[in-house]
Structure formats: structure tokens, C-alpha cells
Amino acid sequence: MELDYHPELRDLTIRRPQLKLLEDVPLPDWVVDNWEMVKNFQAKPDDLLIATYPKSGTTWTQEIVDLINQNGDGKMCKQAPVYERIPFLEFFMDKYPPGIELIEKMASPRVIKTHLPIQLVPKSFWEQDCKTLVVARNAKDCLVSHFHYQRMAQLLPEPGTWSEFFQKFMDGQMSWGSWYDHVKGWWEAKNKHRILFLFYEDIKENRRREILKLAEFMEKVLEEDVIEKIVHLSSFEVMKDNPMTNYTTVPIGVMDQNISRFMRKGEVGDWKNHFTVAQNEDFDEHYERQMGHSSLKFRNVL
Ligand code: A3P
């Protein structure tokens, strides 16, 4: 795995964080310890916020949004890793510039990533009536993707064993809190703010259709050849081999992709390779209790 982007960081290793509670939401300590800066962040009216629960297709969406903004010009999107082109609002790590510092240096219109649940999003986003793009992924695949990611990413706590992690997910003892509360919170807000709510499974099913929805939300009109370029450049195969989207620019002491690749499988239904029959029954029962009354319905869950 070549690191040619920030060679001075090649040997960087970090300690795994603890989770700390912020308004009852567990977050990595590096978020909570810097909370005043996040809370006081000043949004601008033309900022676009990409809000996701971790492992729901955030990077995929970031790349599509940047490709739309760059009119399908893949070279422009290769000028920097995706996490610098679309910075992570609540990101703070030694040696790296904080997400907020990168955002403040950007020219408008800015695109910003967050994993925060809606109630923790800095209020300036709503005061400025910013648009938000929410992407959600079915809970079971999200859990599986999260487990493998936590094994390799030192940015998050140790995942423990598969069965321990499985229980933690159901209990909401996860970084950025409960998946159930997170997706329901954003879903319920979608008529109060300018929110486009997309699903990982829909993008997987028909990327072109979802790209067009996104472009419309961003008020961009795309020529046919540009649409084709964006569809191609946002495929799993292309993004897997693109160092500016596959996170291989991150030092091994932060993300060890020998343990698990960031661009791991990119599939719907991989949970079937992980859940035991008993786990699946427990999960379904718990899921029904958490989500049964919500109008938010995911496909490919059962
Ligand atoms: P898997 O671990 O299931 O492979 P996030 O960016 O929110 O951390 O989400 C990462 C997940 O999105 C990973 O899922 C990754 O493979 C998947 N992903 C990223 N780019 C993708 C693409 N172009 N097509 C399909 N899945 C993609």
C-alpha cells in the first residue's frame, strides 16, 4: 500500500479512542473533546451537508457529489483524497488539520461531511437553511461493514468479537450512537429542512437514476456524456483502485488495510455471510421493536 500523499505521516500511529457521551450519544473522545468548535461552526447558506451513519456509503456519495460539482472531470477529483475535498466536520486527529480548518479554507459552495445525528448538527446549518443530503444503508449490512472497518481503523474503539459487536450495535453502544435513532432522526426531519434522503440500496440498484436525483437537488444540469462519466467513475471497481477514494493515502498505523480494505465488498446482503440463524432472529425481533412504528422502510433487510 503506497502512501505518496503525505509522506511525512507515513509512520504515524494513533491510539484507539474511548467513547464519551454527549447528550446521551456515544462519540469518539476526539469529537467530544473538541465539541465547542463543532458546536460553534458557522455554516454558509450555500453549504451542502452530507450526513450519514458511518459505513452507509458516505465516501461513495462524496465522490458522486464532487464529480457532479466538477462536471464529471475525474482529473479534478484526483487532486486530493476525498476526505480533503469534502472534509469531515467533527474530525480531529493529531498531525492532521481538523476538518473545520479545511472547511474554512474552502471556496464556496462548500460540501461538508458529518456523521452527527440530527440533534447534534451545529445550529448554524439550520439558521442558514442549508441543504442536506442524507444517505442511509440497511442496518444489517451497515453492522457488517462497521465491524470490518473497526477492526482495521484505529480511529475507533476496538470492535471486540463478532458477537460482542453484534450486541453493541443493537444496544446503540457505537460511535455516533444508535443506528436506529440516527436514521429515524434524519427521516423525521426531512420535511422540516431541505433534505434529500437516499438509500445505499437504491444507488446500488440504479446509480444513474440516483445521480440524476442528486444533481437535481444540487440544481445542476448534466450533459449526457457527463452523466456517463460520473456513472463510470463512481463504480465500486474504479473507486477501489483510485487512491483518492480508497483511503490508501492514510498511514497503516491509522487504517491497516491488510486487516480489511476500506473498499471492502460494496454489496447489498453481505450480512447473510455473517449472521447466524439465531442472530438473525434476535436482530429481526429487536429491529421490529425499534423500527416497526416508523414509516422509514429499508429493502433487503429480511
Ligand atoms: P462494505 O464494507 O460493505 O464494502 P462509508 O464511506 O460510509 O464508510 O461506507 C463504506 C462502505 O461503502 C463500504 O462497504 C464500501 O465498500 C462501500 N462503498 C464505497 N464506495 C462504493 C461504491 N462505489 N459502490 C458500492 N459500495 C461502495
Residues in ring-ring contact (aromatic ring centres under 6.0 Å, His included) contact with F262, at least two apart in sequence or another chain: Y149, Y247
For the residue pair F217 and L48, what are the closest heavy atoms and their distance? CE2-CD1, 4.0 Å
Those residues that, when tested against S163, pass side chain to side chain contact (heavy atoms under 4.5 Å, CB included) (two or more places apart): T161, Q279
Under the rule for side chain to side chain contact (heavy atoms under 4.5 Å, CB included), what residues qualify as partners of P98, not counting sequence neighbours? F92, E101
The criterion is ring-ring contact (aromatic ring centres under 6.0 Å, His included); which residues satisfy it with F197, sequence neighbours excluded? W187, F199
Return the set of residues passing ring-ring contact (aromatic ring centres under 6.0 Å, His included) with H286 (not counting sequence neighbours), or none when no residue passes. Y180
Pairs touching residues 168-190 that satisfy salt bridge (charged side-chain N to carboxylate O under 4.0 Å, His left out), sequence neighbours left out: none
Contacts of N273 that satisfy side chain to side chain contact (heavy atoms under 4.5 Å, CB included) - sequence neighbours left out: K265, D270
Salt bridge (Lys or Arg N to Asp or Glu O under 4.0 Å) against E210, all qualifying residues, sequence neighbours excluded: K213
So which heavy atom on T248 is nearest to which on Q257, and how close? N-NE2, 3.6 Å
Contact list for residues 221-231, test side-chain hydrogen bond (donor to acceptor under 3.5 Å, both in side chains), sequence neighbours left out: R208-E224
Residue pairs fulfilling side-chain hydrogen bond (donor to acceptor under 3.5 Å, both in side chains) with at least one residue in residues 115-135, sequence neighbours excluded: T52-H115, K131-E219
side-chain hydrogen bond (donor to acceptor under 3.5 Å, both in side chains) pairs touching residues 68-82, sequence neighbours excluded, are none
For E205, check side chain to side chain contact (heavy atoms under 4.5 Å, CB included) against everything at least two apart and list the hits. R209, R299
